[in-house]
Amino acid sequence: MPNSSATNDFVTTLDVEVPEEGKWQEVAQGIFWIRMPLPFDLNHINLYLLKDGDAFTLIDTGIGTSATKDCWESLIERYNIKLKQVIVTHMHPDHIGLAGWLTERFQVPLLMTYAEYFTARAIVAGGQGADNWQDKVYLQRAGFDEEYIEKNTQSKNGIRKVVSPIPLSYFRLQHDSEVKIGDDTWKVMVGRGHSPEHACLYCESRQILISGDHVLPQISPNIGVYNTEPEGNTLKLYLETLPQFLTLPQNTLVLPSHKQPIYGLHNRVNELLAHHHEHLENLLDFCQEPRNLVQCLPILFKRELNEHNMFFAVAECLSHLNYLMYENKIKRTLENKQYRYQAIIT
Ligand SMILES: [Zn+2]
(Lines give C-alpha, C1' and ligand atoms only; values in the text may rest on other atoms or scores of the structure.)
Protein backbone atom coordinates (compact mmCIF):
# COMPACT_ATOMS: atom_id res chain seq x y z
CA MET A 1 0.00 0.00 0.00
CA PRO A 2 1.31 3.49 -0.75
CA ASN A 3 2.57 5.68 2.07
CA SER A 4 0.88 8.82 3.04
CA SER A 5 3.29 11.72 2.94
CA ALA A 6 1.00 14.48 4.13
CA THR A 7 2.43 17.63 5.64
CA ASN A 8 0.70 20.81 6.65
CA ASP A 9 2.59 23.13 4.35
CA PHE A 10 2.77 21.57 0.92
CA VAL A 11 0.95 19.77 -1.79
CA THR A 12 2.64 16.37 -2.10
CA THR A 13 2.18 13.72 -4.73
CA LEU A 14 1.11 10.26 -3.61
CA ASP A 15 4.13 7.99 -3.74
CA VAL A 16 2.99 5.46 -6.37
CA GLU A 17 3.94 4.81 -9.98
CA VAL A 18 1.75 6.30 -12.70
CA PRO A 19 -0.18 3.36 -14.22
CA GLU A 20 0.95 2.19 -17.66
CA GLU A 21 -1.54 2.14 -20.51
CA GLY A 22 -3.88 -0.84 -20.15
CA LYS A 23 -2.86 -1.44 -16.51
CA TRP A 24 -4.10 -0.19 -13.18
CA GLN A 25 -2.44 1.02 -10.01
CA GLU A 26 -4.01 0.50 -6.58
CA VAL A 27 -3.98 3.86 -4.75
CA ALA A 28 -5.97 2.80 -1.67
CA GLN A 29 -7.50 -0.51 -0.74
CA GLY A 30 -9.94 -1.48 -3.49
CA ILE A 31 -9.42 1.77 -5.45
CA PHE A 32 -7.63 1.39 -8.77
CA TRP A 33 -6.25 4.30 -10.80
CA ILE A 34 -6.20 3.95 -14.59
CA ARG A 35 -5.12 6.35 -17.30
CA MET A 36 -6.57 6.92 -20.75
CA PRO A 37 -4.94 8.90 -23.58
CA LEU A 38 -6.17 12.32 -24.75
CA PRO A 39 -5.28 13.89 -28.11
CA PHE A 40 -4.48 17.32 -26.56
CA ASP A 41 -1.58 19.15 -24.87
CA LEU A 42 -3.00 17.60 -21.70
CA ASN A 43 -2.46 14.07 -22.95
CA HIS A 44 -4.23 11.91 -20.37
CA ILE A 45 -7.21 11.57 -18.05
CA ASN A 46 -7.32 9.61 -14.81
CA LEU A 47 -10.23 7.25 -14.18
CA TYR A 48 -10.89 5.30 -10.99
CA LEU A 49 -12.33 1.81 -10.54
CA LEU A 50 -13.78 1.17 -7.08
CA LYS A 51 -14.30 -2.40 -5.92
CA ASP A 52 -18.02 -2.89 -5.49
CA GLY A 53 -18.86 -6.45 -4.39
CA ASP A 54 -17.81 -8.75 -7.22
CA ALA A 55 -17.71 -5.90 -9.75
CA PHE A 56 -16.60 -2.25 -9.95
CA THR A 57 -18.04 1.22 -9.88
CA LEU A 58 -16.27 3.32 -12.50
CA ILE A 59 -15.63 7.05 -12.12
CA ASP A 60 -15.43 8.76 -15.54
CA THR A 61 -14.85 6.98 -18.83
CA GLY A 62 -12.30 8.59 -21.17
CA ILE A 63 -12.80 10.41 -24.47
CA GLY A 64 -14.66 8.39 -27.13
CA THR A 65 -11.80 7.58 -29.50
CA SER A 66 -10.65 4.21 -30.81
CA ALA A 67 -7.43 4.65 -28.76
CA THR A 68 -9.48 4.78 -25.54
CA LYS A 69 -11.62 1.83 -26.62
CA ASP A 70 -8.47 -0.20 -27.25
CA CYS A 71 -7.23 0.66 -23.78
CA TRP A 72 -10.53 -0.40 -22.27
CA GLU A 73 -10.50 -3.69 -24.17
CA SER A 74 -7.09 -4.63 -22.82
CA LEU A 75 -7.97 -3.55 -19.27
CA ILE A 76 -11.24 -5.49 -19.29
CA GLU A 77 -9.46 -8.58 -20.51
CA ARG A 78 -6.39 -8.30 -18.27
CA TYR A 79 -8.37 -7.87 -15.03
CA ASN A 80 -11.64 -9.52 -16.05
CA ILE A 81 -13.47 -6.29 -15.21
CA LYS A 82 -17.21 -6.18 -14.72
CA LEU A 83 -18.91 -2.88 -14.07
CA LYS A 84 -21.80 -2.39 -11.66
CA GLN A 85 -22.41 1.31 -12.39
CA VAL A 86 -20.76 4.27 -14.07
CA ILE A 87 -20.48 7.65 -12.37
CA VAL A 88 -19.57 10.65 -14.54
CA THR A 89 -18.31 13.72 -12.66
CA HIS A 90 -19.21 16.16 -15.44
CA MET A 91 -20.13 16.46 -19.10
CA HIS A 92 -16.77 17.22 -20.74
CA PRO A 93 -15.97 14.71 -23.49
CA ASP A 94 -12.89 13.26 -21.77
CA HIS A 95 -15.14 12.32 -18.85
CA ILE A 96 -18.41 11.30 -20.51
CA GLY A 97 -16.98 10.13 -23.86
CA LEU A 98 -17.46 6.39 -23.43
CA ALA A 99 -20.25 6.44 -20.81
CA GLY A 100 -22.78 5.23 -23.37
CA TRP A 101 -20.47 2.59 -24.79
CA LEU A 102 -19.65 1.17 -21.33
CA THR A 103 -23.12 1.31 -19.78
CA GLU A 104 -24.55 -0.41 -22.83
CA ARG A 105 -21.87 -3.08 -22.84
CA PHE A 106 -22.42 -3.95 -19.17
CA GLN A 107 -26.11 -2.94 -19.09
CA VAL A 108 -25.57 -0.83 -15.99
CA PRO A 109 -26.84 2.57 -14.81
CA LEU A 110 -25.22 5.95 -15.44
CA LEU A 111 -25.08 8.28 -12.43
CA MET A 112 -24.72 12.04 -12.97
CA THR A 113 -26.08 15.31 -11.71
CA TYR A 114 -29.08 16.77 -13.51
CA ALA A 115 -27.34 19.76 -15.12
CA GLU A 116 -24.39 17.69 -16.33
CA TYR A 117 -26.56 14.95 -17.83
CA PHE A 118 -28.87 17.28 -19.74
CA THR A 119 -26.11 19.67 -20.81
CA ALA A 120 -24.24 16.71 -22.27
CA ARG A 121 -27.30 15.56 -24.18
CA ALA A 122 -27.92 19.09 -25.50
CA ILE A 123 -24.33 19.57 -26.63
CA VAL A 124 -24.20 16.22 -28.37
CA ALA A 125 -27.56 16.97 -30.07
CA GLY A 126 -26.01 20.14 -31.53
CA GLY A 127 -27.63 23.28 -32.90
CA GLN A 128 -30.54 21.56 -34.68
CA GLY A 129 -30.28 24.09 -37.50
CA ALA A 130 -30.45 27.22 -35.32
CA ASP A 131 -28.51 30.15 -36.77
CA ASN A 132 -25.14 30.77 -35.13
CA TRP A 133 -25.24 34.59 -35.28
CA GLN A 134 -24.73 34.77 -31.51
CA ASP A 135 -21.49 32.78 -31.76
CA LYS A 136 -20.26 35.44 -34.16
CA VAL A 137 -21.32 38.26 -31.86
CA TYR A 138 -19.47 36.54 -28.97
CA LEU A 139 -16.17 36.67 -30.89
CA GLN A 140 -16.87 40.13 -32.33
CA ARG A 141 -17.41 41.56 -28.83
CA ALA A 142 -14.08 40.03 -27.79
CA GLY A 143 -12.25 41.93 -30.54
CA PHE A 144 -11.52 39.28 -33.19
CA ASP A 145 -11.46 40.22 -36.89
CA GLU A 146 -13.97 38.97 -39.47
CA GLU A 147 -11.60 36.39 -40.91
CA TYR A 148 -11.01 34.76 -37.55
CA ILE A 149 -14.73 34.83 -36.75
CA GLU A 150 -15.70 33.21 -40.06
CA LYS A 151 -13.12 30.47 -39.59
CA ASN A 152 -14.06 29.73 -35.99
CA THR A 153 -17.84 29.69 -36.20
CA GLN A 154 -18.25 26.98 -38.81
CA SER A 155 -20.10 24.11 -37.23
CA LYS A 156 -17.81 21.13 -36.85
CA ASN A 157 -19.92 18.64 -34.94
CA GLY A 158 -16.63 17.88 -33.19
CA ILE A 159 -18.09 16.76 -29.89
CA ARG A 160 -20.32 14.10 -31.39
CA LYS A 161 -17.29 12.33 -32.85
CA VAL A 162 -15.78 11.81 -29.42
CA VAL A 163 -18.87 11.10 -27.30
CA SER A 164 -20.65 7.79 -27.79
CA PRO A 165 -24.47 8.11 -27.70
CA ILE A 166 -25.50 9.09 -24.18
CA PRO A 167 -27.88 6.66 -22.43
CA LEU A 168 -31.51 7.76 -22.58
CA SER A 169 -31.99 7.38 -18.84
CA TYR A 170 -29.83 8.11 -15.83
CA PHE A 171 -29.76 8.13 -12.03
CA ARG A 172 -29.62 11.58 -10.54
CA LEU A 173 -26.84 12.63 -8.15
CA GLN A 174 -27.44 15.68 -5.99
CA HIS A 175 -25.33 17.77 -3.62
CA ASP A 176 -25.13 15.98 -0.23
CA SER A 177 -26.70 12.80 -1.58
CA GLU A 178 -24.90 9.53 -0.85
CA VAL A 179 -23.71 6.69 -3.07
CA LYS A 180 -22.96 3.25 -1.63
CA ILE A 181 -19.92 1.62 -3.24
CA GLY A 182 -18.92 -1.70 -1.68
CA ASP A 183 -18.87 -1.10 2.09
CA ASP A 184 -18.18 2.60 1.69
CA THR A 185 -20.49 5.57 1.60
CA TRP A 186 -19.49 8.43 -0.69
CA LYS A 187 -21.05 11.86 -0.34
CA VAL A 188 -21.66 13.99 -3.43
CA MET A 189 -20.15 17.49 -3.21
CA VAL A 190 -21.17 19.71 -6.11
CA GLY A 191 -18.71 22.23 -7.49
CA ARG A 192 -19.65 24.84 -10.09
CA GLY A 193 -17.77 27.05 -12.52
CA HIS A 194 -15.70 24.52 -14.43
CA SER A 195 -18.96 22.92 -15.52
CA PRO A 196 -22.55 23.51 -14.39
CA GLU A 197 -22.99 20.92 -11.61
CA HIS A 198 -19.76 18.96 -11.26
CA ALA A 199 -19.95 16.02 -8.83
CA CYS A 200 -17.02 15.35 -6.51
CA LEU A 201 -17.25 12.30 -4.22
CA TYR A 202 -16.01 12.22 -0.64
CA CYS A 203 -15.69 9.16 1.59
CA GLU A 204 -15.58 10.46 5.15
CA SER A 205 -14.61 7.18 6.85
CA ARG A 206 -11.57 6.82 4.57
CA GLN A 207 -10.81 10.52 4.01
CA ILE A 208 -10.64 10.15 0.25
CA LEU A 209 -11.89 12.76 -2.23
CA ILE A 210 -12.50 12.01 -5.89
CA SER A 211 -12.18 15.58 -7.11
CA GLY A 212 -12.73 15.28 -10.89
CA ASP A 213 -11.66 18.51 -12.58
CA HIS A 214 -12.84 20.75 -9.73
CA VAL A 215 -9.60 20.48 -7.73
CA LEU A 216 -6.55 19.66 -9.85
CA PRO A 217 -2.87 19.58 -8.90
CA GLN A 218 -0.33 21.59 -10.94
CA ILE A 219 -2.86 22.97 -13.39
CA SER A 220 -5.81 25.25 -12.76
CA PRO A 221 -9.20 23.93 -13.95
CA ASN A 222 -10.52 25.97 -16.87
CA ILE A 223 -13.21 28.39 -15.71
CA GLY A 224 -14.91 29.66 -18.83
CA VAL A 225 -17.78 31.80 -20.01
CA TYR A 226 -18.83 30.43 -23.39
CA ASN A 227 -21.03 31.59 -26.23
CA THR A 228 -24.07 29.71 -24.88
CA GLU A 229 -24.20 32.06 -21.86
CA PRO A 230 -21.98 35.06 -22.54
CA GLU A 231 -23.23 37.04 -19.52
CA GLY A 232 -22.49 34.19 -17.10
CA ASN A 233 -20.46 34.61 -13.91
CA THR A 234 -18.84 31.18 -13.70
CA LEU A 235 -15.77 32.42 -11.83
CA LYS A 236 -17.99 33.54 -8.96
CA LEU A 237 -19.59 30.08 -8.92
CA TYR A 238 -16.16 28.46 -8.82
CA LEU A 239 -14.82 30.75 -6.09
CA GLU A 240 -17.96 30.10 -4.04
CA THR A 241 -17.93 26.30 -4.32
CA LEU A 242 -14.20 25.74 -3.86
CA PRO A 243 -13.84 26.72 -0.16
CA GLN A 244 -16.21 23.89 0.91
CA PHE A 245 -13.22 21.56 0.51
CA LEU A 246 -11.39 23.42 3.28
CA THR A 247 -13.87 21.77 5.69
CA LEU A 248 -12.49 18.32 4.81
CA PRO A 249 -9.36 17.08 6.62
CA GLN A 250 -6.07 18.47 5.28
CA ASN A 251 -4.63 14.96 4.93
CA THR A 252 -7.48 13.82 2.67
CA LEU A 253 -6.19 11.73 -0.24
CA VAL A 254 -7.25 13.65 -3.38
CA LEU A 255 -7.84 11.63 -6.55
CA PRO A 256 -8.01 14.12 -9.44
CA SER A 257 -8.88 13.61 -13.12
CA HIS A 258 -5.53 14.88 -14.38
CA LYS A 259 -1.91 14.71 -13.15
CA GLN A 260 -1.41 12.60 -9.99
CA PRO A 261 -3.14 11.87 -6.67
CA ILE A 262 -2.09 14.32 -3.95
CA TYR A 263 -2.16 15.19 -0.29
CA GLY A 264 -2.42 18.78 0.89
CA LEU A 265 -6.02 19.58 -0.05
CA HIS A 266 -6.21 22.88 1.85
CA ASN A 267 -2.98 24.13 0.32
CA ARG A 268 -4.13 23.27 -3.16
CA VAL A 269 -7.53 24.93 -2.66
CA ASN A 270 -5.81 28.06 -1.32
CA GLU A 271 -3.38 28.08 -4.25
CA LEU A 272 -6.26 27.90 -6.72
CA LEU A 273 -8.13 30.72 -4.97
CA ALA A 274 -4.97 32.85 -4.94
CA HIS A 275 -4.31 32.09 -8.62
CA HIS A 276 -7.66 33.55 -9.68
CA HIS A 277 -7.38 36.57 -7.40
CA GLU A 278 -3.94 37.30 -8.84
CA HIS A 279 -5.37 37.11 -12.38
CA LEU A 280 -8.18 39.45 -11.38
CA GLU A 281 -5.76 41.99 -9.92
CA ASN A 282 -3.50 41.86 -12.99
CA LEU A 283 -6.47 42.37 -15.29
CA LEU A 284 -7.71 45.28 -13.23
CA ASP A 285 -4.26 46.93 -13.44
CA PHE A 286 -4.12 46.37 -17.18
CA CYS A 287 -7.60 47.84 -17.64
CA GLN A 288 -6.63 51.25 -16.24
CA GLU A 289 -6.83 52.09 -19.96
CA PRO A 290 -9.84 50.70 -21.90
CA ARG A 291 -9.02 47.27 -23.37
CA ASN A 292 -10.82 44.63 -25.36
CA LEU A 293 -10.71 40.92 -24.44
CA VAL A 294 -8.11 39.97 -27.08
CA GLN A 295 -5.76 42.59 -25.65
CA CYS A 296 -6.23 41.09 -22.18
CA LEU A 297 -5.26 37.53 -23.18
CA PRO A 298 -1.48 37.93 -22.61
CA ILE A 299 -2.21 39.06 -19.04
CA LEU A 300 -3.62 35.59 -18.26
CA PHE A 301 -1.65 33.46 -20.72
CA LYS A 302 2.08 33.87 -21.13
CA ARG A 303 2.40 31.05 -23.67
CA GLU A 304 1.53 31.03 -27.36
CA LEU A 305 -2.08 29.86 -27.87
CA ASN A 306 -3.02 27.37 -30.58
CA GLU A 307 -6.56 27.19 -32.00
CA HIS A 308 -7.78 24.60 -29.48
CA ASN A 309 -6.29 26.53 -26.55
CA MET A 310 -7.60 29.86 -27.86
CA PHE A 311 -11.20 28.69 -27.50
CA PHE A 312 -10.68 27.99 -23.79
CA ALA A 313 -8.45 31.07 -23.28
CA VAL A 314 -11.17 33.43 -24.55
CA ALA A 315 -13.73 31.78 -22.28
CA GLU A 316 -11.38 31.95 -19.27
CA CYS A 317 -10.59 35.60 -19.89
CA LEU A 318 -14.29 36.45 -20.23
CA SER A 319 -15.11 34.72 -16.92
CA HIS A 320 -12.60 37.01 -15.19
CA LEU A 321 -13.79 40.17 -16.98
CA ASN A 322 -17.44 39.37 -16.23
CA TYR A 323 -16.54 38.71 -12.58
CA LEU A 324 -14.86 42.12 -12.30
CA MET A 325 -17.83 43.74 -13.99
CA TYR A 326 -20.37 42.18 -11.60
CA GLU A 327 -18.16 43.22 -8.67
CA ASN A 328 -18.34 46.79 -10.02
CA LYS A 329 -14.56 46.90 -10.43
CA ILE A 330 -14.66 47.53 -14.18
CA LYS A 331 -17.18 49.03 -16.54
CA ARG A 332 -17.95 47.67 -19.97
CA THR A 333 -18.83 49.77 -23.00
CA LEU A 334 -19.62 48.79 -26.58
CA GLU A 335 -17.54 50.50 -29.27
CA ASN A 336 -17.36 49.37 -32.90
CA LYS A 337 -19.08 46.08 -32.00
CA GLN A 338 -16.37 45.36 -29.39
CA TYR A 339 -16.59 45.46 -25.63
CA ARG A 340 -14.06 47.73 -23.93
CA TYR A 341 -13.32 47.13 -20.29
CA GLN A 342 -12.02 49.86 -18.02
CA ALA A 343 -11.30 49.92 -14.31
CA ILE A 344 -13.66 52.01 -12.22
CA ILE A 345 -11.63 54.50 -10.22
CA THR A 346 -13.06 54.88 -6.72
ZN1 LIG B 1 -13.61 19.15 -17.34
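Keep in mind it's a predicted model, so treat the numbers as computed, not measured. Order of appearance sets the numbers: ligands from 1, and atoms from 1 within every ligand.
Within the 4.5 Å cutoff, the side chain of Leu216 has no heavy atoms near those of the Lys259 side chain.
Taking the six-membered ring where the residue is Trp, the centroids of His90 and His214 are separated by 6.0 Å or more. For an aromatic pair to be called close, the ring centres must be under 6.0 Å apart, and His276 with Tyr238 satisfies this.
Lys51 forms no cation-pi arrangement with Phe32, by the criterion of a distance under 6.0 Å to the ring centre and an angle within 45° of the ring axis. With a 6.0 Å cutoff to the six-membered ring centre and a 45° limit on the axis angle, Arg291 does not count as a cation-pi contact of Tyr341.
Within the sub-2.8 Å shell of the Zn ion (ligand 1), the protein contributes these N/O/S atoms: His90 NE2, His92 ND1, His194 NE2, Asp213 OD2.
With Leu83 as reference, Leu49 is the one residue of Thr57, Thr103, Leu49 to meet the side-chain contact (heavy atoms from CB on, under 4.5 Å) rule.
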